[in-house]
Amino acid sequence: MGTESYTYMGRSFNEFTINDDSTSSAFSDCNSDRSGEFATTSSTSRRLLIACASENSDDLIRQLVSDLHSDSIEEQKQAAMEIRLLAKNKPENRIRIAKAGAIKPLISLVSSQDLQLQEYGVTAILNLSLCDENKELIASSGAIKPLVRALNSGTSTAKENAACALLRLSQVEENKSAIGRSGAIPLLVNLLGSGGIRGKKDASTALYTLCTVKENKMRAVKAGIMKVLVELMADFESNMVDKSAYVVSVLVSVPEAKTALVDEGGVPVLVEIVEVGSQRQKEIAAVILLQLCEDNMAYRSMVAREGAIPPLVALTQSGTNRAKQKAEKLIELLRQPRSTRTTSEITCEP
């Protein structure tokens, strides 16, 4: 804490109190906007920005939006950084910034060939997208395709923040198909497989939301998502077992996803989760196995051969209420006698 005096944008700020704790988890539930990621911004500049914004944010915001149109890349970077900070530290500023006309010039920055400028634009768009009122405006202003390009060729931080911004936009139902058509799904699958832990988490959450739409499920399966998901579910040290399993549970409503899950070795992995996973992991694994077995005798035999019945019986005794119900239904299916002739084998006889 301290009391200081500065001049900024022609205005004096005397005897204001500064709190040095800039880390906050108040607005990004995908944890993509990290305090301190912009090394070029001095603590004095940040403090002045916040102090100025608290007294007359509208004037400051208008000036920053004007600076986004500057011919100077450095001025554009500084403006994008400060808009990002205003949107991060004061949620009420997100609507003010959008109303001041910042969204379209920020989208232009997302398309910049300067990777740092692109990253700053992506992060500012992410913070503005945390406000529900801004999501439709951001999408209708043409942000989806530039965000997808950043997801493809940006810095690692730009990719992670683009994934999180797309997640935010996908929370508007009509945006899901548009994001899928834009080519985002294979890039999110790639981030899920090769990104850092933050990128993996953001990608999995975005894919979970996007794949409630059938055509996006198909895009994800074609992009090889099941191989990645099975590998993550099998790695109990990855901190990704739960998220990966939830994505699988959304996908397996389409036959192609069930086939891919089995082909990639998903059955033994799911049985192991039922046996040794956490309560939540056991529940979602039982849900997936039940989805897999409901209409397929071959898959039932496969699951039974993997030794699923003993851990499922244990789950009926100690699992959550939902887990108990799913385990009981699955056990009933697995114990049904195998038909010697399936429906497809029955032919008309004279």
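When a residue number appears, it is its place in the shown sequence, counting from 1. For clarity, every value in this text was computed on a predicted model and none was experimentally measured.
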### Task
Could you state whether V221 and V250 fall into the same hydrophobic cluster, counting links through intermediate Ile, Leu, Val, Met, Phe, Trp or Tyr residues with side-chain heavy atoms under 4.5 angstrom apart?
no
### Query
Hey, quick one: are M302 and I331 part of the same hydrophobic cluster, counting side-chain heavy atoms closer than 4.5 Å, chains of contacts allowed?
yes
#### Entry: Sidechain-backbone polar pair: T212 side chain, T209 backbone, donor-acceptor under 3.5 Å
yes
### Message
Quick one: does any side-chain atom of K217 pair with a main-chain N or O of C211 as donor and acceptor, under 3.5 Å?
### Response
yes
### Query
Less than 4.0 Å between a side-chain N and a carboxylate O, is that true for K176 and E173?
yes
### Query
Do V271 and V274 come within less than 4.5 Å of each other through their side chains, counting heavy atoms only?
no
### Cationic N near anionic O, under 4.0 Å, K227 to D263
no
### Query
Q76 side chain to S70 main-chain N or O, any donor-acceptor pair under 3.5 Å?
yes
### Task
Give a yes or no on whether the backbone of L137 and the side-chain of S141 come within a donor-acceptor separation of less than 3.5 Å.
yes
### Query
Under 4.0 Å between a Lys/Arg side-chain N and an Asp/Glu carboxylate O for K329 and E332?
no
### Query
Is the closest side-chain heavy-atom distance between V303 and R300 below 4.5 Å?
no
#### Entry: Under-4.0 Å salt bridge between K222 and E256
no
### Query
Is the closest side-chain donor-acceptor distance between Q118 and R149 under 3.5 Å?
no
### Query
Where do R280 and E283 land on the salt bridge (Lys or Arg N to Asp or Glu O under 4.0 Å) test, with the steps shown first?
CA-CA 5 Å; R280 184 167 64 176; E283 177 183 310; over 6 Å; no
### Query
Is L292 close to V267 at the side-chain level, that is, under 4.5 Å between some pair of heavy atoms?
yes
### Query
Heavy-atom distance under 4.5 Å between the side chains of E82 and D67, does that happen here?
no
### Query
Between N134 (side chain) and R94 (backbone), is there a donor-acceptor pair under 3.5 Å?
yes
### I284 and I273, any side-chain heavy atoms less than 4.5 Å apart
no
